[in-house]
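To keep things clear, I will list the structure first and then write my remarks on it.
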Amino acid sequence: MKSFLTRPKRKLSPAPEAGLGDGDEPTDVKLALLSSLHPAVEQETLLDILLAHDGCVSQASTALQQQQHAHISSRKSGAIGYQRSLKQYALPSNDTSSSPEKKTKKLKSKRGSTLHLYDPADVAEHTPCTIIHNFLPAEDANDLLRELLKEAESFEKITFKLFDNVVSSPHTSSFFVESYEAMQTQKADYYYNGAKLTDVRRITPQLAKVKPIVQEAVNREVQHRIATRYPGGKKLKYQSPHAWVPNSAFVNCYKGAQESVGWHSDQLTYLGPRAVIGSVSLGVAREFRVRRVLPKDKDKDGNEAPSSSSSSGGVKTAEDDPDAEGQIAIHLPHNSLLVMHAEMQEEWKHCIAPAPSIDPHPVAGVRRINITYRDYRQRFHPRHTPRCRCGIPCVLRVVQRKRDNYGRYFWMCHASNVPGKEGCSFFQWAEFDDDGNPIYDKDSKEPAALTG
Ligand SMILES: O=C(O)CCC(=O)C(=O)O
Ligand SMILES: [Fe+2]
């Protein structure tokens, strides 16, 4: 059984008012105590409940008495999409000593563990994302799914260079834009992993129909997040103050349990800093894993840690330690909208992990379709951004892994990812105004007349 937490042994913090087993005892001792009080309940369930009560054995025990043991202990193994909330384990409480902030801290996943989230409230609280289930009218979701499954028949794998090898991502994808002109521009001007896209398509009728619905929901979620979770109820520094208006969509297809996408942050080169992305899932439910990127000065061998995010479509690299702070798995069922908020790409990485097994979907079979609607900003058109000595537009990255200059953006050569090309050592710090508009130095072309 895959419970919402899989973890190594850990120690829980003492509860504010410690009773029997509510102090600083190791988790194993607390579990043994709880187990002796509730011998019929599975260990995993007991640990879940213990965590939901901040390690307080007496509260966990009371909660267990109040719940129907049969219901809890008969939970079956991790069928993806099974709706479960951390809150179901928590007693209603007037306890002002346990602030939401404190709970977030304690429920966070730890090194080597995965926190599995199903409930939208848990996703909003523990990750930089929000999720809306049953997002579209059921028939619209199926129409979109059918349309994109047909498109996906001719999708191809993305190929890129990792160290000295040319590798391809173990899933297929294509890029959809709104006009014929945009298709031409995409093919001519834009670089992804150092190469130009050859497969750029015109937005399909169903993708176009769903776009305004996604737009409205994402803007609503962004405003809600700003008001409820950001310091002072204000947008983040460098986050755009304008409404999010998607003008393109990457569509991914995962055929079968083994197709996946490796750990990465999405490229900010054309989205700008603090980008927001609206991601629709259709077909087979899969796990979307996220993990916070921790800055560090040296790796375990004492070498300087590499400094930048990897780009979209990348796979696990030597710089990645996916277990550094544990992982969070967000379950993405058919017809859900996941909003990746402004703090996501700079501070977190994400992936679609290969699945041990999947539940086939009545329309999609073993396939999952994912659409990421994106807002390509005019000011980040490659005609405006710095070019390196190879003569191609630079990639925008952010310092994620080093404490020095942590969170600073920079432009660098894109070509080192191009199969067959070496690239140059071009580097330039990127400057933005408070709203994330690029400030280029006086000698560069200043896109002053542009908005967005
Ligand atoms: O399939 C997904 O849900 C995520 C895809 C993704 O991360 C990407 O396209 O950058
Ligand atoms: Fe991504």
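All ligand and atom numbering here is 1-based and tracks the order in the structure.
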Is the contact between Arg286 and ligand 1 made by the side chain, the backbone, both, or neither, using heavy atoms and a 4.0 Å cut-off? neither
Out of Arg220, Arg225, Met344, Glu221, which residue meets the side-chain contact (heavy atoms from CB on, under 4.5 Å) rule with Val339? Glu221
Salt bridge between Lys209 and Glu147, side-chain N to carboxylate O under 4.0 Å? no
Where's the contact between His171 and ligand 1, heavy-atom distance under 4.0 Å: side chain, backbone, both or neither? neither
Just jot down the ligand 1 atoms closer than 4.0 angstrom to any heavy atom of Asp266, in number order. 10 (O)
Please check whether Thr372 reaches ligand 1 - meaning an N/O of the residue sits under 3.5 Å from an N/O of the ligand, judged on distance alone. no
Note: ligand 1 atoms sitting under 4.0 Å from heavy atoms of His350 are 7 (O)
I'd like to know whether ligand 1 has Gln267 as a neighbour, heavy-atom separation below 4.0 Å. no
Can you list the atoms of ligand 1 that are under 4.0 Å from a heavy atom of Tyr254? 1 (O), 2 (C), 4 (C), 5 (C)
Taking only heavy atoms of Arg374, which atoms of ligand 1 are found under 4.0 Å from at least one of them? 8 (C), 9 (O), 10 (O)
Taking ring pair (Phe, Tyr, Trp, His ring centres under 6.0 Å) as the criterion, tell me which of Phe426, Phe427, Phe432 meets it with Phe410. Phe427
Relative to the ring of His171, is the ring of Tyr254 parallel (under 30°), tilted (30 to 60°) or perpendicular (over 60°)? parallel
With sequence neighbours left out, the residues meeting side-chain hydrogen bond (donor to acceptor under 3.5 Å, both in side chains) with Thr269 are Gln267
For the Fe ion (ligand 2): the N/O/S atom of Asp266 at shortest distance: OD1
Aromatic plane relationship, Tyr118 with His331 - under 30° parallel, 30 to 60° tilted, over 60° perpendicular: parallel
Once you measure the plane-to-plane angle for Tyr238 and Tyr409, does it fall in the parallel (<30°), tilted (30-60°) or perpendicular (>60°) bin? perpendicular
